[in-house]
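Note on naming: letters A, B, ... go to the chains in the order of the sequence lines (proteins, then strands), and numbering restarts at 1 for each one. Just the heavy atoms: all of them, side chains too, but no hydrogens, waters or symmetry mates, feed the values below. Computed from a prediction, not measured in an experiment: that's the story for all the values here.
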Amino acid sequence: MSRVMPMKKISAPAAALAVIDVSALPPHFEAAAKEAAFDAVWEKNGIYQWDPSRPRGETFVVDTPPPTVSGSLHMGHVFSYTHTDVIVRQRRMLGMNVFYPMGWDDNGLPTERRVQNIFHVRCDANAAYEPGLALPRVGDKKPTERPRIVSRKNFIELCAIVTHEDEKAFEALFRRIALSVDWRQTYATIDDRCRHLAQLSFLDLLEKKQLANVEAPTMWDVDFQTALAQADLKDVIRPGAYHDIQFAIEGSDESFVISTTRPELLPACVAVCAHPNDERFKKYFGKHAITPIFKAPVRIFASELADPTKGTGILMVCTFGDATDVTWWREQKLPTRQILGKDGRVKLVEFGTETFPSKDPLAANAAFAPLVGKNVTQAQKLVVDLLKDAAHSALAQGGSAPLQGEPKKIEHPVKMYEKGERPLEFITTRQWFVKLMPNKPVLLEKGAEVKWWPEFMHARFQNWTENLNGDWCISRQRYFGVPIPVWYPVLPDGATDHEHPLFPTPDRLPMDPMSDAPKGFTEAQRNQPGGFTGDPDVFDTWFTSSLTPQIGSHWLLDPERHAKLFPADIRPQSHEIIRTWAFYTIAKAMLHEGKVPWRNVVISGWILDPDRKKMSKSEGNVVTPMKLLEDYTSDGVRYWAASARLGMDTAFDEKVLKVGKKLVTKLFNAGKYVLGQSIGDAAIPSDASIESLITSELDRAMIHKLRAVIEKATASFAEFEYANALMATEQFFWSQFTDTYLELVKVRARGEGVDDRDRVSAIATLRLTLGVLLRLFAPVLPYITEEVWSWAFAEVRGQPSIHHAPWPTVTELATIPRPADEGSFDLAAELMTAINKKKTELGASTGRLVKTATIAVPEAKRGRLEAVLQDVLGSTRIAEHTLVVRATEGDAFVIDAMEVVPKEERAAAEH
RNA sequence: GGGCGUUUAACUCAGUGGUAGAGUGCGACCUUCACACGGUCGAAGUCGCAGGUUCAAAUCCUGCAACGCCCACCA
């Protein structure tokens, strides 16, 4: 149904200037109703759909970040997703075939944790599957009984229930904020296609010899009981204490003191180490030391890595206290004395054996026995107590207590899993690794091939890549994830043969080695001597997430589609996951195809709360979006997001939302005014174009300023600086268009005392400018611009949705002659301001009629003023005027005298 | 310890060599025929600090400080 009123005699330009029935419009923009209605229309008309038939060159591919479906969205999501959408909408208007998919990251520990809490369950991979198991939700109160044990399959089903609900809620919000996603192009990181592609990725890396399966000390979280990669870590400053412990030199009565923060690892001590140039300890290198309590002989060696200024300058190497211990263990080929189990508790070991030698096994075992089963904190207390006992001195001849003095409290950084609560341990386990260390130079090269916006974010990538200190551990001992597609033969003696893993052929993917049998075996042979066993692990979630460009393009599953969608054009993301998501995605694309995954990385900043802290769920300072969307409209919220420049952290500020809402209202009203202006009885040649009707100097001068805005906005968008484009457009719209131009031409548009030609020129200019401004605003304000567009432009221009209308160009305006004087518009505005100022000084409103005014005009402006003077006098309602040409200060207009119509006379004068 | 970013009006932020800007807030005035979810006018800043380059510096260089982020080897 059209809002455009029927015209009597329709010519092309007359139709373009058709009047809308203003009285049919509501007094205000009914945002909530319109948002829902437009979403439905856009969906029905498929205006955000990617067209696979168009060539790559016309396509704009987005590698959308799949949000972690974690229950609720906050303003941080709205913020960064809007940035992407604004860019995408502008590219679509440029005529590009946009591929804008949406994914859901439902893999991983956060989901597991939530499911455990929601249903109060724990997963046991060995538990039997219970078909049709339905469990109640436990709610918020902490249940007292133990969690119910469920099988891996049941657990995954519960995860699916929870994530699916979350996806619905996310989609609803994303639609509300008008993300122009092609909702046919969705995926979840646990779905068949993603599992398929992740497993294909694994097989491809295997074929390219970029994988390793090794048993080695690995960073381990004792709570989650899984291996971790460097990127999963955070440093946390924690309290600790230096414990000074006396060691003896074997076969002498000499001793030295080491300083350690981890005395509980004393039984795991395998060596002692100092700097090669350290005169204090030079004499000991090559000899053996004896540990206190356990009386283990350990090598004393020299290493550049030892810092003579730290502690006492000499330190104990344990298996494993930290990453340096691992380095020394490897370089020095030290023995392994693992005392911590996967659960982070001390496990039973026996002293006086080859692995745990001791000069006094009886005493050592007696001292060790109470430690068994204790966690690190408890064990430390017990060991410290033992060290206070002189009987445990390392010295053969006996001595004082091994612990010298009181422990010295310190604060030091400790490596922890980013989602964990206890420090990591290094525990020897068998894991799969992707080789990164040998590929560092190529990775840096690829990182430089990608354009980073803002550019300085590239430094983060370089920094991280240069400092990488290990390969990528991709196996996780979890349940909810993509299974690693591997089996191992079980030898006749029942041992697992890790040296000869069995892999599925690609045609069997996606698969789960825990329920599928390898070729040549039957399910009955699972875990039997001479049979096989499945790898129970799943991939690191980043192993799948790092394939998002390939997931969108279907990669090996559809090479033709892949060629059209890979590499992507932009990867939008936030800066804290450069080391993970950006890094791993670059690594995968490089390892698989020697390519970069995308041409541009566009980095959004963070939303900070008013105290400038990152807004995050764990901080409890989250502002929920729904209320704000209701109060300020989606466009208002999007305005706020689009006001922040790329990469800049922004404090959340409701004032900016308010400004956004005001802009929406202003567009509604300005649109209503412009489209309600009638040309009256003016006759328009039927062969005239709307551009050719623009004949007045002021109008041409206004159009000329509009050209500059189009150029500025277009250039800004090319560099993803949507905020600059918005600012330029907004500034022009508000101060030049509504506050100035609209006021200057109102009288002329009404046809008061002017000829038809000038009246039509004003209306044509209003229309044309509104049409351009709406399109310039459309990427940021999709709802209000679509609304105003629908009143007339949609029909007149034959472009039903503004979001498929062409982005404005100066070429559109090429047929409109330049103004005789480019300064005409500013000159008119300047005089209007001077008159308004005078009225304000007189206490009169700007709309008050002026009987007479005497205006001092500087000589230089006199001639130039001629062409726009009538518009100024009309808009300022000056009935009689006298121009006095004279010099003024700063060549400004000066109102020498003004007589306004008194209030009481006004009513009479008006009619 | 290394790197990056930020520092401009009360607040949120533009401004990369040429007379300090916007919006909000504040003050005064204005029921005006698109809009009071409005309009007009106004007050308000040693551009973090100290040096330097230049005819000229918020802008370029050097140093420092505060705040934030990323990274680093937990003895």
Discussion item. Counting only Watson-Crick pairs (N1-N3 plus N6-O4 or O6-N4) and G-U wobbles (N1-O2, O6-N3), all under 3.5 Å, who is the partner of B/U24?
Written reply: B/A10
Discussion item. Using a 4.0 Å heavy-atom cut-off, does A/K746 contact any base of the nucleic acid, only the sugar-phosphate backbone, or nothing at all?
Written reply: base
Discussion item. Using a 4.0 Å heavy-atom cut-off, does A/A723 contact any base of the nucleic acid, only the sugar-phosphate backbone, or nothing at all?
Written reply: nothing
Using distance alone, with no hydrogens and no angle criterion, decide if [X] and [Y] have a side-chain donor and acceptor under 3.5 Å apart.
X      : Y      : value
A/S303 : A/W328 : yes
A/H83  : A/S604 : yes
A/E35  : A/S634 : yes

Looking at [options], which one has an atom nearest to any side-chain atom of [X]?
X      : options             : answer
A/H575 : B/U24, B/C69, B/G39 : B/C69
A/T261 : B/C11, B/C69, B/C74 : B/C74
A/V659 : B/A34, B/C74, B/G23 : B/G23
A/K672 : B/A34, B/G38, B/C30 : B/A34
A/T650 : B/C71, B/C13, B/U24 : B/C13
A/T738 : B/A34, B/G23, B/U12 : B/A34
A/R877 : B/A34, B/C33, B/A14 : B/C33
A/N467 : B/C74, B/C71, B/G5  : B/C71

Worksheet item: Roughly how many Å is it from CD in A/Q462 to C1' in B/C71, rounded to a whole number?
Response: 13 Å
Worksheet entry | Short side-chain N/O contact to B/C13 OP1/OP2 from A/W640, under 4.0 Å | no
Worksheet item: How far apart are the closest heavy atoms of A/I427 and A/W220, and which atoms are they?
Response: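 That would be CD1-CD1, 3.9 Å.
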